[in-house]
Amino acid sequence: MPELPEVEVVRRGLERWVAGRTVDAVEVLHPRAVRRHAGGGADFAARLTGETFGVARRRGKYLWLPLAEREMSVLGHLGMSGQLLVQPEDAPDEKHLRIRVRFRDGAGTELRFVDQRTFGGMSLHESVADGTDGYEEGLPDVIAHIARDPLDPLFDEAAYHLALRAKRSTIKRALLDQSLISGVGNIYADEALWRAKLHYERPTATLTRPRSTELLGHVRDVMNAALDAGGTSFDSLYVNVNGESGYFDRSLDAYGREDEPCRRCGTPMRRRPWMNRSSYFCPRCQRPSRAAS
DNA sequence: CCGGCGTCCTGGGGGC
DNA sequence: TGCCCCCAGGACGCCG
């Protein structure tokens, strides 16, 4: 389940293995993998052929490859189970291979998008300036609404706090709202809330500025720890751009630890159904406030 | 306008 | 053993 740290590991792989290479041919093997591309698979392949990739960029869980000679970018999202692999051209196709990008150089490798559950995909979009960065970053127009992520030096912390105070929502919802702060998924939300000793249904409007600053610090800490470890991997579905599995799950304090002792106080951790998914928390360290159930 | 929920998808696992 | 149902969840669309 790739979140920001895993996507960043993939971005680094793309920067190293794909930047500067020119596309020779593209094969779209599953239409759902390009469902976000307006013209469909054939159009995606035709438009990409002959183009040269720039340096991969990332915002939250989205990553994109700017085209060197156009104000356009190839947008990628890994969804739940997506992988971007740089493989030898003669390596056998993966079972869930969805898109293949061949290159014109003689490097002997190709880029593959592999995705079992097909929540992810690739698509080509116009680039747009967002007011702070220029066209050279190639931000795809369709993700202009995605907020900067907490590891971005230009993340607007003051605006984030103001938005939290203004919302009539709860903290975990707000952490997962990609238009407020991007890159946080279910796993790191639970981890950061556990570290901050905050209940997932704490109303955002009750968070003081110091408290929300502290939470943000925990979000950054848990993401940086995962980055240092090379990305989190839970079910071997996630593999980085070179096909190496991440590792980090041993370090999780909350996610997936139902009935296991809290690493702070020993109380059995709980799992609660929440928004068609789960929230893991310590019932003692993370007490709900009066307004929450 | 915005919060909240349904939907997409597939393989693994649990229960009967 | 085999089958069925549930579960995982990111992001978007729609409803109230």
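This is a predicted model, so every value here is computed, not measured. Residue numbers start from 1 in every chain, and the chains themselves are labelled A, B, ... in the order their sequence lines are given, proteins ahead of strands. No hydrogens, no waters, no symmetry mates; every other heavy atom, side chains included, goes into these values.
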* To do: Starting from C1' on C:dG10, measure out to CZ on A:Arg36 and report it in whole angstrom.
  => 11 Å
* Could you tell me the separation between the CG atom of A:Leu78 and the P atom of B:dC8, rounded to a whole number of Å? => 22 Å
* Asked: Taking the six-membered ring for Trp, does A:Phe119 stack with C:dA11 (centroid gap under 5.5 Å, planes within less than 30°)?
  -> no
* Asked: Does A:Arg271 place a side-chain N or O at less than 4.0 Å from the phosphate oxygens OP1/OP2 of C:dA8?
  -> yes
* **Atom pair distance, as rounded to whole Å: CG in A:Leu63 and P in C:dA11** => 12 Å
* To do: Classify the nucleic acid contact of A:Arg35 as base, sugar-phosphate or nothing, counting any heavy atom under 4.0 Å across all strands shown.
  => nothing
* To do: Report the nucleotide, chosen from C:dG9, C:dG10, B:dT10, that has the shortest atom-to-atom distance to any side-chain atom of A:Lys61.
  => C:dG10
* Euclidean distance, atom OH of residue A:Tyr255 to atom C1' of C:dC7 [Å, nearest integer] -> 10 Å
* To do: For a side-chain hydrogen bond (donor to acceptor under 3.5 Å, both in side chains) with A:Thr109, tell me which candidate from A:Gln87, A:Glu89, A:Arg21 qualifies.
  => A:Arg21
* Looking at C:dA8, B:dT10, B:dG4, which one has an atom nearest to any side-chain atom of A:Gln116? -> B:dT10
* To do: Measure from CG on A:Asn186 to C1' on C:dA8 and round the result to the nearest Å.
  => 9 Å
* Does NZ or CZ of A:Arg263 lie under 6.0 Å from the centre of the six-membered ring of A:Trp194, at an angle within 45° of the ring axis? -> no
* Asked: Looking at B:dC9, C:dC12, B:dG4, which one has an atom nearest to any side-chain atom of A:Met275?
  -> B:dG4
* Taking atom P of B:dG12 as reference, at what distance in whole Å does atom NE2 of A:His96 sit? -> 8 Å
* Distance, rounded to the nearest Å, where A:Glu6 contributes CD and C:dG9 contributes C1' -> 14 Å
* Asked: To the nearest Å, how far apart are A:Ile143 CD1 and C:dC12 C1'?
  -> 15 Å
* Asked: What nucleotide among C:dG10, B:dG4, C:dG9 has an atom nearest to a side-chain atom of A:Ser169?
  -> B:dG4
* Salt-bridge criterion met for A:Arg58 and A:Asp149 (N-O under 4.0 Å) -> yes
* Would you say a side-chain N or O of A:Tyr62 is under 4.0 Å from OP1 or OP2 of C:dC12? -> yes
* **A:Glu51 bridged to A:Arg70 by N-O distance under 4.0 Å** => yes
* Asked: Does the side chain of A:Ser278 get closer than 4.0 angstrom to OP1 or OP2 of C:dA8 through an N or O atom?
  -> yes
* Hey, does the side chain of A:Lys167 come within less than 4.0 Å of B:dC2's phosphate (OP1/OP2), counting only N and O? -> no
* With respect to the phosphate group of B:dC5, does any side-chain polar atom (N or O) of A:Asn276 fall under 4.0 Å of OP1 or OP2? -> no
* **Residue mapping more 5' on DNA chain B - nearest nucleotide basis, A:Arg173 or A:Arg277** => A:Arg173
* Basic-acidic side-chain contact under 4.0 Å: A:Arg12, A:Glu8 -> yes
